[in-house]
Amino acid sequence: MVCTYHMPSVALTRVRRKALTLLPNQDFVTELLNQLNEPQRQAVTHTEGPVMIIAGAGAGKTRALTYRIAHLINKGADPFQILALTFTNKAAREMKERVMELIGHAEGRNVWMGTFHAVFAKILRIEGHHLGYPSNFTIYDTDDGKRLVKNIVNDLNLDAKTYPASFVLHRISSAKSNLFTPEDYLNNSEVRSNDQVAGKPMIGEIFKSYNARLKRADAMDFDDLLFNTNLLFRDFPEVLYKYQHKFNFILVDEYQDTNHAQYLILKKLAALHENICVVGDDAQSIYAFRGANIQNILNFKHDYPDHQLYRLEQNYRSTNVIVQASNKVIANNKDQIKKTIWTDKGEGELISLLRATSDNEEATLVVNSIFGYKMAKQLPNKHFVILYRTNAQSRTFEEALRKQNIAYRIYGGLSFYSRKEVKDILAYFRLVINHNDEEAFNRIINYPARGIGKTSIEKMIVLANDMNTSLWEIANTLGSLNSGLNRPTIARVEEFTTMIRSFAAQLATKDAYELAKHITSSVGLIKTLKEDDSPEGISRIENIEELLNAIKDFTEKEVDQDVEGIVAGPRQLNEFMSEVSLLTDADNDDPENTDYVSLMTIHAAKGLEFPYVYVVGLEENLFPSIQSLSARSDLEEERRLFYVAITRAEEKLTLSYAESRYRWGNLTMCEPSRFVEEIDPALIEKPRRAGFSSPAKSGQPHQAGNFVKLPSTPVTSPVQASPEDKLQLDNFEASDTVGLQNGMVVLHQKFGKGKVISVEGTGPNKKATVFFNGYGQKQLLLKFARLQILDE
DNA sequence: GATTGTGCCCTTTTT
DNA sequence: GGGCACAATC
């Protein structure tokens, strides 16, 4: 955990001003700088004034940042005065580790290093009272936000189909990222007419209510952390001055991904010293969908006319084949700053392209390829990563890896902290810490069941809305209100609030683990879960145990002293909770067992590198995604995403696609992605496919890159001959299985003889359900299955 | 009020 | 294929 929040009572004014004991060590500095190339060295040693570093993929961006921090401290800068902002916890942690390696643990840990959200949350816990927030405010995640929007849509008697929670929330998020208040939103005629045209005129009203409900719950969503920080610095100059003064040196990673709110905060913070160094690559901007604004790179040039620009164009990561392929791909984008990325790492292996008939076969092919390389070259699992566009694609690879007994780890997806049972327990902790947290209240008031039903809760919510107060307040004054609840129900609600209060009373006296354990056992959740002895039920209990273990680790862990003057002591539950809300699954690495194949979305892979990279699911409508095809800017973002994907590879890049894939339980036809065609064919090895053999079964995996090629399969590069290829396939289907009917006996190259159960769909989507002896029922796309009719 | 059953939407991507 | 909201039934 990088950015640790500590007790808010410890004010920043209790400064433990460190004497600058570390004298510049000339040998060390020289050695440090000798490890850099010329532009890197210039960027690192140019410490005063605004600096922008435009760095290509693999050009040593992180290295420049970490060395810069080390160099600053060596020159005598106080680590407490350095602020380094990243976009992911993982990036922040890695940077911190590298800085500590360079200059030692004692100094390195004092640098303020964390994600925008984590650092600003920390500041808001200390300063939020200026804006009317208590220091124990809750951070609502997307899930909480969606529930709240749903409730509001319901309360306003709006149609849930016209106002889907995720859509509304996205609009609200964009508005907040651009610093729109609900009032700004409602008064903006352009926005309003957009909503009007879209048939969703009430979004502004929902936004207004959403913000009011957040405030009432003493809660902020992710966007509020930025919005409110900006507000704080805008309206409270003395607070701004304090932090301007504190952060003498500001460093920002992945600057191309900053949104408008982040841009303005940075501008304000840096205004006093103007010692701001931003590092970015426009080609790797992949977060425009959540408000990132590449224009911020241009704004930087305008805001700081005397800035110095450094370009890092030498790629140290990848082979020439990979660098050339990525240059070619990104050249298709109109919007870009021209760069010439080069490497002297040597040509390297050609890019492999795997073509599979189905998503399952794609997974088998990829995993067999991994297995082959592992065996042939004796490589550890951690050299491999499988990258995909959407989280949903992980399943088939997971299964294939499990079959081959290869250790793997999935990043993202349904994260540990978003599992229902974990969220339930966390809701108890949240409510204990912040009684006004309504999402938590709603979640657990009747879970486990304590006889407080839906109608009772509805009545309380109506009361809360009428009196504009929190649910907690209503729950505590039910006896004196004309609530319409019956006496036994009121008694049960009172029992609940009394219990929560008794937990709260122990916040200060028990450490995080003791209290968490006490709450978990007192509320009877484990007991409820134990009644379910299915595998899922058992895994739920295990997850809760895992959560308690995590809290135990946290409690025992040494306090990271990155707030000045912090008093070490047993760590408490509210400290744990303030960290957990900004955590994602990727932040839970098990240090004991690190040798696994990684599976993650391309977004999650940004900033990482692996020797062997598999980019899978390269199909039109999946990658690029179907939503991106209507606007050029969206398509270009997808292309940048592809660029990010292929530039993760150090030695060997393998691309794959499937010709058919299950989506939403339906078999869909796929065409290879246009991105594959954008790579110079000379850089790609002839495509291979596994044909219809079943390699996983034999236990005899193929040698690296040596798949069975079936003579009957037309093997052509999709780059050169895909139309022709398709034509052949179409003809095949038309001539051979056009008259396929129920009850016919057919021959399949892999499954053998089978009987047709049903035929559905038309044209290229025509498919048959066939029962094969020994294989069972299969759904086959006629276009690919090449069924031979034996008998009628 | 709780439990079980049924239809409906879903899939971008993350802090 | 699966999770979740709503409906029907005890």
Side-chain angles (χ1 to χ4, degrees), chain A residues 2-3 85-92 114-121 139-143 145-147 150-151 154 160-161 164-167 169-170 173 176-177 220-226 254 257-259 261-262 285-292 359 387-396 411-415 417-420 446-458 486 488-489 492 536 580-587 600-606 617 621-629 634 637-638 640-642 644-645 661-668:
Chain A
V2 180
C3 203
L85 294 168
T86 63
F87 274 81
T88 64
N89 291 305
K90 194 168 184 154
T115 64
F116 278 88
H117 291 87
V119 167
F120 296 153
I139 298 172
Y140 274 14
D141 65 14
T142 312
D143 201 54
K146 273 189 195 165
R147 280 166 198 267
K150 243 176 227 174
N151 287 338
N154 208 26
K161 286 196 181 103
S166 52
F167 177 87
L169 202 59
H170 184 249
S173 173
K176 287 191 185 182
S177 300
M220 298 191 199
D221 64 14
F222 292 136
D223 301 302
D224 284 335
L225 295 174
L226 307 178
E254 313 277 15
D257 287 332
T258 49
N259 64 26
Q262 287 162 329
S285 158
I286 54 174
Y287 283 107
F289 73 90
R290 74 168 200 216
D359 47 357
L387 301 177
Y388 35 77
R389 178 66 180 87
T390 66
N391 280 307
Q393 286 164 260
S394 67
R395 216 197 80 248
T396 53
Y411 289 83
L414 185 65
S415 91
Y417 291 106
S418 51
R419 285 171 209 274
K420 184 186 176 302
N446 197 34
Y447 184 79
R450 43 178 75 89
I452 305 165
K454 224 178 182 172
T455 31
S456 308
I457 299 170
E458 279 297 322
N486 58 35
T489 310
R492 287 193 286 261
E536 294 82 31
V580 107
S581 50
L582 291 168
L583 275 191
T584 53
D585 208 27
D587 303 318
M600 62 183 86
T601 64
I602 301 162
H603 283 89
K606 191 152 99 155
N621 298 340
L622 178 62
F623 191 18
S625 94
I626 194 157
Q627 291 93 336
S628 71
L629 297 179
D634 289 349
E637 176 147 318
E638 294 281 304
R640 291 193 296 268
L641 193 58
F642 184 57
V644 168
R661 166 180 306 278
Y662 274 96
R663 289 179 98 175
W664 314 290
N666 287 322
L667 196 60
T668 20

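Here is the naming used below: chain letters follow the sequence lines, and residue numbers restart at 1 for every chain. In this text, all values refer to a predicted model and were calculated from it rather than measured experimentally.
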Would you say S625(A) places a side-chain N or O within less than 4.0 Å of OP1 or OP2 belonging to dT13(B)?
no

Indicate whether OP1 or OP2 belonging to dA2(B) is found under 4.0 Å from a side-chain N or O atom of N446(A).
yes

Roughly how many Å is it from CD1 in I457(A) to P in dA5(C), rounded to a whole number?
14 Å

Tell me what Y287(A) touches on the nucleic acid: a base, only sugar-phosphate, or nothing, going by heavy atoms under 4.0 Å.
sugar-phosphate

Assert: residue with more 5' nearest nucleotide on DNA chain B, out of S628(A) and F222(A), is S628(A)

Counting only side-chain nitrogens and oxygens, does K150(A) get under 4.0 Å of the OP1 or OP2 atom of dA5(C)?
yes

Between the base of dT15(B) and the side chain of T142(A), is there any donor-acceptor pair under 3.5 Å?
yes

In whole angstroms, the gap separating P of dT15(B) from CD1 of I286(A) amounts to 11 Å

Nearest-neighbour nucleotide for the A449(A) side chain, dA2(B), dT13(B), dT15(B) considered:
dA2(B)

Does the pair D359(A)/R663(A) count as a salt bridge with the N-to-O cut at 4.0 Å?
no

Does OP1 or OP2 of dT13(B) have a side-chain N or O of N391(A) closer than 4.0 Å?
yes

Return yes if some donor-acceptor pair links the side-chain N/O of N486(A) with the main-chain N/O of T489(A) below 3.5 Å, else return no.
yes

For the pair made of CG in D143(A) and C1' in dC4(C), what is the distance, rounded to whole Å?
12 Å

Drop me the distance from T601(A)'s OG1 to Y388(A)'s OH, to the nearest 0.5 angstrom.
7.0 Å

The side chain of T455(A) is closest to which nucleotide in this list: dT15(B), dT13(B), dG1(B)?
dG1(B)

Would you tell me if any nitrogen or oxygen in the side chain of T601(A) comes within less than 4.0 Å of OP1 or OP2 on dT14(B)?
yes

Regarding F116(A), tell me which of base, sugar-phosphate or nothing describes its non-hydrogen contacts under 4.0 Å with the strands shown.
nothing

Measure from the side chain of A604(A), starting at C-beta and using heavy atoms only, and say which of dT13(B), dG1(B), dT14(B) lies closest.
dT14(B)

What distance separates H603(A) NE2 from T390(A) OG1, expressed to the nearest 0.5 Å?
11.5 Å

Nearest-angstrom distance from the residue atom CZ of F642(A) to P of dT13(B)
19 Å

Let me know, please, whether R290(A) or G453(A) comes out on the 5' side of the other along DNA chain B by nearest nucleotide.
G453(A)

Here the distance between atom C1' of dT14(B) and atom NE2 of H117(A), to the nearest Å, is 9 Å

Distance between the P atoms of dT13(B) and dC4(C), in whole angstroms?
16 Å

The residue, R395(A) or K420(A), whose nearest nucleotide of DNA chain C is more 5′ is R395(A)

Measuring from atom CG of N391(A) to atom OG of S394(A), what distance do you get when rounded to the nearest 0.5 angstrom?
6.5 Å

K176(A) bridged to D221(A) by N-O distance under 4.0 Å:
yes

Atom CD of E458(A) and atom P of dA5(C) are separated, to the nearest Å, by 14 Å

Nearest-Å distance, CD (Q393(A)) to P (dT13(B))?
9 Å

Please give, in whole Å, the distance from dT15(B) C1' to E254(A) CD?
14 Å

